[in-house]
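Worksheet for the structure shown next.
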Amino acid sequence: MISPIVSVSREGPSPGPSLVEALEGGAVLRFSDLDFPFSPFEERFVERPFADGKAKNVNIRGATAELRGAAGTAEEQEALRQLLIRYRAFAEALVTRYLPAYAGKVAFAGTSYRPFEVDRRKLSWRRDDTRLHVDAFPSNPIGEKRILRIFRNINPQGEPRLWRVGEDFASMAGKFVPALPGYSPLSARLLAALKITKARRSEYDHLMLHLHDALKRDMDYQANAPQADVRFAPGETWVTFSDLVMHGAMGGRYMLEQTAYLAVKDQADPERSPQRILARTLGRPLR
Ligand SMILES: [Fe+2]
């Protein structure tokens, strides 16, 4: 089954359990009519990239919301920082309103401004996000958390954000997990001791990193696996568990993105997490 796109209107009748159920089942929620207006001063942020160009994105993180990777005058950078803080509040309000079961349980992490065209230079296949994948962070073990992401297309010239979505996680895992290398608790402890990872890499993290790479490396799978093209128009917001939903970003520039974490135990149904799906695929609990 290919991940469904579920349209939600602002005044729609169905915020609540059914949206959580769709999301946990691998849907992408599409909101077409949520407002996130820019001030006249802020219009400049979608006219040219206010980025130093060293990193892919500009972002704020942590309690201080320190801005990283930005360009512009001090006044402009402070305005961009405030825009990102406002977007984080927008994402929090969206969760409270449409996914009330998660309110107070979701931890809001980095917020990013993505002014550049999707990178097609193909520097390395591992970093090529046009290839279908699920998100996994090499240096930042996730353990028993889920990755929830809230995106918004802020392109001023009508350009859509182009995505591909793929098949459901369990079907994908059934094809790839049997060939993945085994997990070594010893090397996980070593990576943590050497500070290569910020915490001990669990078996789940190990499997997700290898899945990420195995998927991106397999050109036959990339071309022939079940998949669908999706266009997100300017002004649209979309929400998904990016650790569960197979996706590739094919094109578009000027986007805002909020990353949030939810504990598996705080899901409506933890059995639908990639953690539990992988355990079922292996036929035993993960270590
Ligand atoms: Fe991704």
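Both counts, for ligands and for their atoms, begin at 1 and track the order of listing. Each residue takes its place number in the sequence, starting with 1.
Counting only heavy atoms from C-beta outward, the side chains of V177 and L278 approach each other to under 4.5 Å.
In the model, S112 has a side-chain atom that pairs as donor or acceptor with a side-chain atom of R114 under 3.5 Å. Side-chain contact check for Y221 and E167: at least one donor-acceptor pair (N or O, by modelled atom type) lies under 3.5 Å.
The number of protein N/O/S atoms found under 2.8 Å from the Fe ion (ligand 1) is 3.
With hydrophobic clusters built from ILVMFWY side chains whose heavy atoms lie under 4.5 angstrom apart, F90 shares a cluster with V95.
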- Task: Evaluate the salt bridge (charged side-chain N to carboxylate O under 4.0 Å, His left out) criterion for residues E66 and R81: first the C-alpha distance (whole Å), next the side-chain angles of each, then the deciding distance (0.1 Å), finally the verdict.
- Result: CA-CA 8 Å; E66 189 193 340; R81 180 173 162 270; over 6 Å; no
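Ion pair R284/E203 flagged as a salt bridge, since at least one NZ, NE, NH1 or NH2 atom sits closer than 4.0 Å to an Asp/Glu carboxylate oxygen.
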